[in-house]
Number of protein chains: 2
Amino acid sequence: MPKVVDHRVRRTELADAVMRLAAREGLSLISLRYVAAEAGVSMGLVQHYFGTKDEMFSFAIQVVRERVEQRLADRSAQLGAEPQPRQAAEALLRELLPLDDRRWLEGHVGLAYAAYSAVRPDLSAPLREQTRQLREFLTVQIRATRGERDGMLPSADVAATTLVSLVEGLSMHVLTGHLSASEAVAAFEAQLAVAFGAAPEAVPAKKGQR
Amino acid sequence: MPKVVDHRVRRTELADAVMRLAAREGLSLISLRYVAAEAGVSMGLVQHYFGTKDEMFSFAIQVVRERVEQRLADRSAQLGAEPQPRQAAEALLRELLPLDDRRWLEGHVGLAYAAYSAVRPDLSAPLREQTRQLREFLTVQIRATRGERDGMLPSADVAATTLVSLVEGLSMHVLTGHLSASEAVAAFEAQLAVAFGAAPEAVPAKKGQR
DNA sequence: CAAGTCACAATGCAAATGCACGGTAAAGAC
DNA sequence: GTCTTTACCGTGCATTTGCATTGTGACTTG
């Protein structure tokens with residue numbers, strides 16, 4: 001074997017270029033040459049590591065998914081062994097909102113891919129599994145918190161579904177400029193209180209405009 | 001003037017072809033020739049009515065927006081002059097969920113355009129205004145319903161923001177196959193009850209799987 | 001009927017696209 | 001040393017792209 005090159009590393013570098021372009025200019029005008037230019041390499045190299053454009057795209061979306069998963073795992077570990085259910089749920093979901101540059105970029109990529117994979121369902125299968133797990137986790141956390149009485153509150157799995165979908169919708173509205181980050185956070189926090197039936201703890205109602 | 005042709009009509013026919021393609025195959029591979037073929041016309045005709053591809057796209061998104069607005073207006077009129085606030089809110093928001101073929105198609109187009117316009121903010125400005133109005137309307141409805149005591153409920157505008165974003169997120173998850181329509185409806189209904197602080201009215205918890 | 005205007009068709013074209021392919025150099029195997 | 005494998009480059013190519021341009025027939029107006 002000649003020059004030792006870790007394929008995964010190189011491919012990930014290229015996937016990074018893809019993501020930058022997807023976030024900055026949109027998925028549509030991503031070409032092999034454009035990716036090569038963005039990554040600062042030759043086009044032959046891109047071809048060397050990805051036989052086809054679709055393969056490159058699939059890999060890139062997989063990288064995004066793994067990163068999100070990693071971030072969630074990190075955040076989870078950071079909470080310790082026996083975190084309070086509500087704190088855990090809040091931490092994980094908040095991690096999905098586009099509240100800083102990195103997550104804003106990832107959100108854009110995610111949005112682009114959501115539209116893309118709405119047409120190519122094969123690509124969205126792993127992502128689907130990921131959100132399913134998240135929903136399941138939330139259901140458990142919610143159930144653990146309010147075992148006693150869940151009066152007229154929605155059932156735990158409905159509450160979990162609502163939280164996940166709400167975060168998705170809020171993210172989308174932030175990314176498209178329909179909402180400011182602080183508005184999104186306010187709505188999210190309020191919903192968290194609803195789902196866990198927890199203390200109102202004086203929602204500050206700080207509403208920064210755009 | 002020779003042959004009388006209503007430009008708006010022809011352009012809308014073409015926009016319909018664009019929307020069908022966007023929903024079926026995605027925005028990315030829409031070409032002028034492809035649109036022409038889908039509409040069953042020559043490519044010269046497409047060029048005749050749209051000077052440029054971007055112009056065609058802008059027009060198509062505008063049509064989608066106007067249709068949604070029209071549907072909301074119709075639904076609103078259908079409710080009579082003095083509808084109950086909660087009924088009105090439910091009807092309008094439910095109109096936005098992809099619960100039948102037509103709205104499923106429109107949802108796909110909307111998702112594609114959301115991703116597209118996340119990169120071209122100029123196109124998303126009118127759409128932004130539209131959701132702003134919807135949010136405002138909901139705020140009024142919510143405030144009207146629970147004037148008396150709004151104990152630990154989130155403030156009316158936060159509740160409105162939450163509803164709109166939730167519907168958006170639920171739609172997205174339905175369109176990408178993460179949720180079934182009935183799951184989405186269940187979550188939506190539950191949230192409506194939260195926002196309006198209304199009767200639990202026995203959420204049937206019917207959860208059809210995908 | 002002459003003239004002008006407009007709807008639409010057909011072709012052309014430069015640019016960009018994804019990909020195939022051959023070449024080169026370097027690093028290990030022997 | 002030779003040989004083989006691999007990383008990477010460069011070019012070529014058929015296809016597709018958006019758009020310009022020119023042509024043609026139908027219709028209205030004078």
Side-chain angles (χ1 to χ4, degrees), chain A residues 1-22 24-62 112-113 115-117 119-120 122-123, chain B residues 1-22 24-62 112-113 115-117 119-120 122-123:
Chain A
M1 275 167 280
K3 221 205 291 196
V4 187
V5 173
D6 187 337
H7 269 226
R8 177 165 307 256
V9 170
R10 272 269 189 284
R11 283 159 69 101
T12 304
E13 287 172 14
L14 294 176
D16 273 323
V18 170
M19 284 158 42
R20 260 175 283 144
L21 288 180
R24 176 151 27 98
E25 328 247 14
L27 262 189
S28 52
L29 52 79
I30 290 186
S31 71
L32 295 185
R33 284 161 237 263
Y34 206 176
V35 170
E38 170 73 22
V41 301
S42 84
M43 190 189 145
L45 189 144
V46 177
Q47 265 195 106
H48 183 65
Y49 285 99
F50 297 108
T52 195
K53 193 187 175 182
D54 266 342
E55 189 188 335
M56 184 179 77
F57 271 53
S58 318
F59 183 80
I61 190 176
Q62 187 186 336
Y113 271 120
Y116 184 66
S117 68
V119 179
R120 328 205 28 158
D122 48 315
L123 288 186
Chain B
M1 274 166 281
K3 223 202 292 196
V4 186
V5 172
D6 187 338
H7 269 226
R8 176 166 304 256
V9 170
R10 272 270 189 283
R11 282 160 70 100
T12 305
E13 285 173 15
L14 294 176
D16 273 322
V18 169
M19 283 158 42
R20 259 174 284 146
L21 288 179
R24 178 154 23 102
E25 328 247 13
L27 260 188
S28 51
L29 52 79
I30 290 186
S31 71
L32 294 185
R33 285 161 236 264
Y34 207 175
V35 171
E38 170 73 22
V41 300
S42 83
M43 188 188 149
L45 191 145
V46 177
Q47 266 194 107
H48 182 66
Y49 285 98
F50 297 108
T52 195
K53 192 186 175 182
D54 267 342
E55 189 189 335
M56 184 179 75
F57 271 54
S58 315
F59 182 80
I61 189 175
Q62 187 186 336
Y113 272 120
Y116 184 65
S117 68
V119 178
R120 328 202 30 154
D122 47 316
L123 287 187

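Bear in mind the structure is a predicted one, so any value in this text is a computation, not a measurement. Lettering of chains follows the sequences in order, A, B, ..., and the numbering in each one begins at 1.
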- prompt: Within the structure shown, what part of the strands sits under 4.0 Å from B:Leu29 by heavy-atom distance: base, sugar-phosphate, or nothing?
  reply: nothing
What pairs of nitrogen or oxygen atoms, one from the protein and one from nucleotides 19-23 of chain D, lie under 3.5 Å apart?
{"residue": "D:dC19", "atom": "OP1", "partner": "B:Thr52", "partner atom": "OG1", "Å": "2.8"}
{"residue": "D:dC19", "atom": "OP2", "partner": "B:Thr52", "partner atom": "OG1", "Å": "3.2"}
{"residue": "D:dC19", "atom": "OP2", "partner": "B:Lys53", "partner atom": "N", "Å": "2.7"}
{"residue": "D:dA20", "atom": "N7", "partner": "B:Gln47", "partner atom": "OE1", "Å": "3.0"}
{"residue": "D:dA20", "atom": "N6", "partner": "B:Gln47", "partner atom": "NE2", "Å": "3.0"}

How many whole angstroms separate atom [atom1] of [X] from atom [atom2] of [N]?
X	N	atom1	atom2	result
A:Leu45	C:dG23	CG	P	21 Å
A:His48	C:dT24	NE2	P	18 Å
A:Phe57	C:dT17	CZ	P	12 Å
A:Phe50	D:dC8	CZ	P	13 Å
B:Arg11	C:dC8	CZ	P	13 Å
B:Glu25	D:dT16	CD	P	15 Å
A:Arg10	D:dC8	CZ	C1'	9 Å
A:Leu14	D:dA7	CG	P	13 Å

N/O donor to acceptor pairs below 3.5 angstrom from side-chain atoms of residues 41-53 of chain A, sequence neighbours left out:
{"residue": "A:Ser42", "atom": "OG", "partner": "A:Gly44", "partner atom": "N", "Å": "3.3"}
{"residue": "A:Ser42", "atom": "OG", "partner": "A:Leu45", "partner atom": "N", "Å": "3.2"}
{"residue": "A:Lys53", "atom": "NZ", "partner": "A:Ile30", "partner atom": "O", "Å": "3.0"}

message: Please determine whether a side-chain nitrogen or oxygen atom of B:Ser31 lies at a distance below 4.0 Å from atom OP1 or OP2 of D:dT17.
response: yes
query: Under 4.0 Å: is that the gap between some side-chain N or O of B:His7 and OP1 or OP2 of C:dA7?
result: yes
- prompt: Any salt bridge (charged side-chain N to carboxylate O under 4.0 Å, His left out) pairs touching residues 32-48 of chain A, not counting sequence neighbours?
  reply: A:Arg20-A:Glu38, A:Arg24-A:Glu38
For [X], all residues meeting salt bridge (charged side-chain N to carboxylate O under 4.0 Å, His left out), sequence neighbours excluded:
X	value
A:Glu55	A:Arg11
B:Arg120	B:Asp54
B:Glu13	B:Arg10

field: Student check: side-chain heavy atoms of B:Leu27 and A:Tyr116 closer than 4.5 Å
entry: no
query: Can you name the nearest heavy-atom pair linking B:Leu14 to B:Ala39, along with the distance?
result: CD2-CB, 3.9 Å
